[in-house]
Amino acid sequence: MSIHPSLLSADFANLQAEIERIPSADGLHVDVMDNHFVPNLTLGLPVVEAIRAVTPKLLDIHLMIEDPDRWAPAYAEAGAESVTFHVEAAKAPVRLARELRSAGAKAAMALKPATPIEPYEDLLNELDMVLVMTVEPGFGGQSFLDLCLPKIRRTRELIERRSRRGEPGRIVLQLDGGVSAETIERCAEAGADCFVAGSAVFGADDPDAMITALRESATAAAG
Ligand code: DX5
Ligand code: ZN
């Protein structure tokens with residue numbers, strides 16, 4: 001069970017200090033938005049490079065942008081360990097996933113709440129992680145969408161079916177949006193094993209203690 005705090009809810013004027021407040025994080029989730037794929041604009045490659053220079057933590061880049069085919073590989077080349085593109089935006093997701101892997105990153109595919117997983121089952125062998133969005137992407141602090149829970153269960157089942165067939169590699173199932181102490185148990189029960197949390201972590205009095213609490217709840221709920 002891993003917890004990736006989203007820097008979207010951190011103080012953008014003090015990112016290094018914010019990262020130092022969360023030593024228990026298993027990775028740092030960085031939301032790149034272009035004001036086209038989503039109605040919000042955040043940061044891009046220069047800021048990711050600056051973050052890379054000040055932390056050895058795993059960087060989990062979530063690209064909410066048009067044309068990830070063009071822009072995503074540079075994040076892998078900048079040293080991010082994991083790069084997630086939205087399948088709704090990718091023109092050639094197989095080629096893109098292979099490019100990310102050959103640039104040394106884990107390749108991940110994200111789905112918006114209304115995007116089904118089933119059409120992409122055959123892509124799983126090209127991926128290291130699937131991100132199921134549990135809010136409409138674009139903003140932190142939104143309410144968790146319970147309507148995504150059945151898709152999380154179905155995605156877990158596809159991942160397990162694949163490993164029963166003996167396909168190599170482990171695929172992580174990440175959730176992003178509205179994850180908190182109130183919602184993380186049902187997320188873990190549904191089969192997720194990596195959790196992004198922005199407002200729940202950075203809005204807590206003790207962000208690092210919140211990470212530990214979230215991880216413990218998820219582990220207990222998964223049994
Ligand atoms: C939203 C972003 C999330 C966001 C989550 O589009 O992808 O990573 O930071 O924020 P919370 O955890 O507050 O819902
Ligand atoms: Zn995100």
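As the structure lists them, so they are numbered: ligands from 1, and atoms in each ligand from 1. When a residue number appears, it is its place in the shown sequence, counting from 1. These numbers come from the heavy atoms of this one structure, side chains and all, not from hydrogens, waters or symmetry mates.
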Undergrad: Atoms of ligand 1 less than 4.0 Å from G177 heavy atoms?
TA: 14 (O)
Undergrad: For ligand 1, which atoms have a heavy atom of H62 less than 4.0 angstrom away?
TA: 7 (O)
Undergrad: Considering heavy atoms of the protein only, find what lies nearest to atom 1 (C) of ligand 1 and give residue, atom and distance to 0.1 Å.
TA: F139 O, 3.5 Å
Undergrad: Is it the side chain, the backbone, both or neither of S199 that has a heavy atom closer than 4.0 Å to ligand 1?
TA: both
Undergrad: Among V201, I51, D31, find the one that has a side chain to side chain contact (heavy atoms under 4.5 Å, CB included) with L7.
TA: I51
Undergrad: May I ask you to test the I22-F202 pair for a side-chain heavy-atom distance under 4.5 Å?
TA: yes
Undergrad: Can you list the ligand 1 atoms lying under 4.0 Å from a non-hydrogen atom of A197?
TA: 12 (O)
Undergrad: Out of V30, V196, L28, V179, which one pairs with S6 under the side chain to side chain contact (heavy atoms under 4.5 Å, CB included) rule?
TA: V196
Undergrad: For atom 10 (O) of ligand 1, what's the nearest protein heavy atom and its distance?
TA: G140 CA, 3.4 Å
Undergrad: What I want to check is whether the side chains of Q174 and D60 have a donor and an acceptor closer together than 3.5 Å.
TA: yes
Undergrad: Short list, please: which atoms of ligand 1 are under 4.0 Å from a heavy atom of M64?
TA: 6 (O), 7 (O)
Undergrad: Which residue owns the protein heavy atom closest to atom 6 (O) of ligand 1, what's the atom, and how far is it?
TA: G138 N, 2.7 Å
Undergrad: Would you mind running through ligand 1 and noting each atom that sits below 4.0 Å from a heavy atom of G141?
TA: 10 (O), 11 (P), 13 (O), 14 (O)
Undergrad: State whether R21 and D11 are salt-bridged, where the test is any N-O pair (Lys NZ or Arg NE/NH1/NH2 against Asp/Glu carboxylate O) under 4.0 Å.
TA: no
Undergrad: Quick check on contacts: which atoms of ligand 1 are under 4.0 angstrom from a heavy atom of H29?
TA: 8 (O)
Undergrad: Under a 3.5 Å threshold, yes or no: a donor from one side chain and an acceptor from the other, between H29 and D176?
TA: yes
